[in-house]
Amino acid sequence: KQEVTQIPAALSVPEGENLVLNCSFTDSAIYNLQWFRQDPGKGLTSLLLIQSSQREQTSGRLNASLDKSSGRSTLYIAASQPGDSATYLCAVRQEYGNKLVFGAGTILRVKS
Amino acid sequence: GAGVSQSPRYKVAKRGQDVALRCDPISGHVSLFWYQQALGQGPEFLTYFQNEAQLDKSGLPSDRFFAERPEGSVSTLKIQRTQQEDSAVYLCASSPRPVNTEAFFGQGTRLTVV
């Protein structure tokens with residue numbers, strides 16, 4: 001059974017700092033990995049999608065990497081801002097059954 | 001519409017009451033998923049449709065939960081005889097093709113059973 005773990009569970013940083021969120025998964029039979037942002041009381045906003053054949057994706061200040069063989073992904077946020085405060089979720093799309101399996105998330109707080 | 005739409009946004013149900021949650025996926029999207037998110041947790045898979053076919057319902061927690069997508073577009077998640085442990089946010093997502101594509105989520109329905 002696929003298990004997705006996110007570390008740390010919570011993170012508080014001062015504005016302007018660069019930071020890294022970690023995601024690991026136990027079964028490498030995945031189609032892709034997706035990073036989401038969730039604001040309190042809201043749904044999920046897709047940030048980056050990395051296909052299993054790719055190593056990384058970039059969007060603005062965000063960069064996500066994928067090492068499928070070792071079952072790891074990182075989300076790098078450059079020059080963090082208070083508006084980045086949210087819960088960040090990673091999810092893998094299973095080859096078997098096509099469903100997304102989520103981690104529990106990292107709660108990020110960026111202090112001004 | 002431009003995105004996945006869910007209704008109602010909030011639902012309070014008395015224990016034992018039946019509820020129906022609606023999902024309007026992005027037009028033309030083939031795949032539709034339902035997830036349950038408890039407070040402080042990541043979303044947990046409930047069920048998956050490809051067009052009108054329910055291909056996976058392995059995540060439905062009990063036979064009180066039922067989902068349908070009769071015409072391959074709008075989907076309804078029904079919970080019968082609600083219990084307090086059913087209190088959660090129910091999220092719907094759609095994808096344009098059956099496999100290996102990005103998933104787009106709705107805002108969710110927050111269900112509170114009192």
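All heavy atoms count here, side chains included; hydrogens, waters and symmetry mates do not. Just so we're on the same page: letters track the sequence lines, and every chain starts at 1. For clarity, every value in this text was computed on a predicted model and none was experimentally measured.
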Which residue out of B:G59, B:P43, B:G108 racks up the most heavy-atom pairs below 4.5 Å with chain A? B:P43
For [X] versus [Y], what's the shortest heavy-atom pair and its separation?
X      : Y     : value
A:K99  : B:S58 : NZ-OG, 4.1 Å
A:L44  : B:L91 : CD1-CD1, 3.7 Å
B:A103 : A:S46 : O-CB, 4.4 Å

Determine whether A:L100 and B:F105 make a side-chain contact, defined as any pair of heavy atoms from C-beta on separated by less than 4.5 Å.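 A:L100 reaches B:F105 side chain to side chain.
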Would you say A:L47 and A:V4 are hydrophobically clustered, going by side-chain heavy atoms of ILVMFWY under 4.5 Å?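 Yes, one cluster joins them.
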In one Ile/Leu/Val/Met/Phe/Trp/Tyr side-chain cluster, 4.5 Å: A:L66, A:L75: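 Per the 4.5 Å side-chain linkage, A:L66 and A:L75 are co-clustered.
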Do any N or O atoms from the side chain of A:Q34 and from the backbone of B:E102 form a donor-acceptor pair under 3.5 angstrom? no
Can you find a side-chain donor-acceptor pair between A:R93 and B:S95 that sits under 3.5 Å?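 Yes - a donor-acceptor pair under 3.5 Å links their side chains.
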Taking the six-membered ring where the residue is Trp, are the ring centres of A:F102 and B:F45 under 6.0 Å apart?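 No, too far apart.
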Other residues, nucleotides and ligands only: do more than 12 of their heavy atoms fall within 6.0 Å of CZ on B:R64?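 Correct, the count exceeds 12.
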Is it the case that more than 12 heavy atoms not belonging to A:Q2 sit under 6.0 Å from its CD atom? yes
Okay, B:E44 and chain A: the region with an atom under 4.5 Å from a heavy atom over there is neither
Which value, rounded to the nearest 0.5 Å, describes the distance between B:Q41 atom CD and A:L89 atom CG?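 With rounding to 0.5 Å, CD (B:Q41) is 10.5 Å from CG (A:L89).
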I need the A:N32 CG to B:T101 OG1 distance, nearest 0.5 Å. 7.5 Å
So which of A:E95, A:Q6, A:K42 has the biggest tally of heavy-atom pairs under 4.5 Å with chain B?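 Going by pairs under 4.5 Å, I would pick A:K42.
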